[in-house]
Protein chains: 2
Amino acid sequence: MSPKVSKEHLKQRRADILAAAKTVFIKHGYERTTMKHVMEEAKVSRGGLYQYFSNKEELYEAILKENLLQVSEETQEFLENEVKSYWDLLLLRIFGEDREPDDEMDPLAPSNLEFFIIGRNDERRRKYGQERYQNGLKIYADVIKAGQENGEFSDRYDSEMLARAIITYIDGLALDHAILPEQDVQLKEQSTILLEFLKMALEVE
Amino acid sequence: MSPKVSKEHLKQRRADILAAAKTVFIKHGYERTTMKHVMEEAKVSRGGLYQYFSNKEELYEAILKENLLQVSEETQEFLENEVKSYWDLLLLRIFGEDREPDDEMDPLAPSNLEFFIIGRNDERRRKYGQERYQNGLKIYADVIKAGQENGEFSDRYDSEMLARAIITYIDGLALDHAILPEQDVQLKEQSTILLEFLKMALEVE
DNA sequence: TTGCAAAACGACATTAGTGTCGATATAATT
DNA sequence: AATTATATCGACACTAATGTCGTTTTGCAA
C-alpha cells in the first residue's frame with residue numbers, strides 16, 4: 001500500500017523489513033535464511049525487498065548496526081549517574097543492567113558467529129569483524145585501566161590482556177550456547193566463574 | 001588408475017581423498033568448499049568421489065573421526081609412563097605434549113566451528129556435536145576430579161564445572177583465532193591466563 | 001591372452017537461490 | 001478528476017552446486 005510515499009512511510013517500511021529479517025535470522029541462522037524467507041516474513045515481493053536491501057549481507061549489516069547502536073544507547077544511560085565504582089561499571093558492561101550472571105543470551109548471537117566465521121576469508125567482512133572486536137576490547141580495557149590507575153584494581157595483569165580474556169570467554173559462551181543444550185552450557189554458573197576469576201585477577205572484594 | 005582393485009588400493013584411494021579433502025577444508029572452510037574442490041584437489045572424477053563419500057557431510061565426518069582417533073592415540077602414549085602428577089596430566093591434556101601455552105591451533109578448527117554452528121538446527125549434527133562435547137568434558141573433568149580426591153587439587157570448585165569453563169575458554173580462543181588476526185588473539189598469552197586461573201582455582205604451585 | 005567385475009569417468013537432469021527488469025498500481029500533487 | 005513519479009510486483013534469466021547413471025577403462029584371475 002504505497003507508491004510515491006512520504007519519507008516517513010519509507011522509513012517505516014524499512015524498519016518493518018529489518019524486524020522481519022531479524023526474526024528469520026534468529027530462526028534459521030544467517031547462512032540458511034534466504035531472501036525468500038525475508039520476503040515472506042515481511043510480506044514484501046522480491047522486487048520490493050531488493051529496493052531496500054540489495055543483498056543478504058547488506059541486510060544483516062543493517063541489523064548489526066542497529067543493534068550496536070541500541071545497546072550503546074541503553075548502557076549510555078547508566079553511565080554517568082548510576083555507577084558506584086569501576087568494579088560496578090565493569091559488571092555493568094559484562095552482565096548488563098543487573099550486574100550479575102544470568103541465563104540470557106542475545107538471540108542473534110548464533111547468527112553473528114556464522115556471519116563472521118564463514119566470512120573470515122572475505123577481506124571486507126574480516127575488517128568489519130575486527131573493528132567490532134576493537135570496540136569491544138576498548139570498552140573493557142578502559143574500565144580496567146581506569147580502575148587500576150585509580151588503585152581500585154590490582155595491576156597484576158595488563159588491562160588489555162584481561163579485556164581480551166574476557167571477550168574470549170564470552171565468545172566461548174556464545175559459541176557453546178549456540179550448539180549445545182542449556183544444561184551443558186550453564187551460562188549462569190559459567191559466568192559466575194568468570195566473575196570469580198576477575199575478582200582474583202583484579203583483587204577486589 | 002584402478003578398477004577391480006585390491007582392498008589395499010581402495011583403502012589408499014580413500015585415504016588420498018580424505019587428505020585432499022582436508023586440505024581444501026582448511027583452505028576454504030566447511031561451507032565454502034564444494035565437492036568439485038575436493039575432486040580437483042584429489043584428482044578424482046565426480047563419479048569416482050561419490051563412490052567413496054556420498055556427500056560433503058559424510059566426508060567431513062570421516063575427517064573428524066580420523067582426527068579424533070589420531071589425537072587420542074597420540075596422547076595415549078604419554079599416559080602411563082610420562083606423567084608426574086595430575087597437574088602435569090591436566091597440562092598435557094590442555095596444551096599437548098609440551099605442557100605449555102603456544103601459538104599453535106588446529107588448522108581445521110575454523111571449519112569445525114562452521115560445521116557445528118551451521119548445523120545447530122539439524123538434529124543429527126547437534127547430537128554429534130554434543131557427543132564430542134561430552135567426551136571432551138569427561139577428559140578434563142576426570143583428571144580434575146582425580147586430583148581433587150587425591151588431595152593434589154583444591155576442591156573449592158566443582159570438577160565438572162571447571163572442565164566446562166576450560167572448554168568454553170578454549171572454544172573462545174578457537175573462535176577468535178578463526179576470525180581475528182594473530183596479534184588480536186595472542187593465543188600464547190591468553191593461554192597463560194587460563195593457566196593462571198587454573199592454578200588459582202585448583203591451588204597448585 | 002582373454003574376459004569380466006567393478007572402479008572411474010563425465011555428461012546431464014535437477015534443485016535452489018540470486019538479482020534484474022518491464023509492467024502495474026497508487027499516494028501525492030495539480 | 002487527472003496526472004505523475006515511483007514503490008511494489010512477480011516472471012525470468014542466470015548461476016552454482018548436487019547426485020545419478022550409462023559408458024569407458026582396466027586390474028586381476030583363469
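Just so we're on the same page: letters track the sequence lines, and every chain starts at 1.
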Q: Can you sort out which residues in residues 16-46 of chain B have a heavy atom within less than 4.0 Å of DNA chain C? Ascending by number, please.
A: B:Val44, B:Ser45, B:Arg46
Q: Salt bridge check: are B:Lys127 and B:Glu123 linked by an N-O gap of less than 4.0 Å?
A: yes
Q: Can you tell me if the side-chain N/O atoms of B:Gln51 get under 4.0 Å from OP1 or OP2 in C:dA7?
A: yes
Q: On the six-membered ring of A:Tyr140, is A:Arg93 placed so that its NZ or CZ lies under 6.0 angstrom from the centre and within 45° of the ring axis?
A: no
Q: Rounding to an integer number of Å, can you tell me how far A:Glu8 CD sits from C:dA27 P?
A: 17 Å
Q: Indicate yes or no: does B:Glu131 engage B:Arg126 in a salt bridge with an N to O separation below 4.0 Å.
A: no
Q: Please report the distance, rounded to the nearest Å, between CD in B:Gln12 and C1' in D:dG27.
A: 16 Å
Q: Calculate the interatomic distance between A:Arg13 atom CZ and C:dT26 atom P; express it in whole Å.
A: 13 Å
Q: What is the distance from CG of A:Leu10 to C1' of C:dA28, rounded to the nearest Å?
A: 13 Å
Q: Please give, in whole Å, the distance from D:dG19 P to B:Phe53 CZ?
A: 14 Å
Q: Please pick, from D:dG19, C:dT20, D:dA7, the nucleotide with the shortest atom-to-atom distance to any side-chain atom of A:Tyr50.
A: C:dT20
Q: Find out whether the Lys NZ or Arg CZ of A:Arg125 is both under 6.0 angstrom from the six-membered ring centre of A:Phe116 and within 45° of the ring's axis.
A: no
Q: Between D:dT6 atom P and A:Lys7 atom NZ, what is the distance in whole Å?
A: 12 Å
Q: Of the nucleotides D:dA7, C:dA8, C:dG19, which has the atom closest to the A:Tyr52 side chain?
A: D:dA7
Q: With a 3.5 Å distance limit and no angle check, can you tell me whether B:Tyr52 reaches the backbone of B:Arg13 through a side-chain donor-acceptor pair?
A: no
Q: Find the distance A:Leu49:CG to C:dC21:P and express it as a whole number of Å.
A: 17 Å
Q: Does the plane of the ring in A:Tyr60 sit parallel, tilted or perpendicular to the ring in A:Tyr30? Use 30° and 60° as the thresholds.
A: perpendicular
Q: Go through the structure and list residues passing salt bridge (charged side-chain N to carboxylate O under 4.0 Å, His left out) with A:Glu160, not counting sequence neighbours.
A: A:Arg164
Q: To the nearest Å, give me how far apart CD (A:Glu58) and P (C:dG19) are.
A: 10 Å
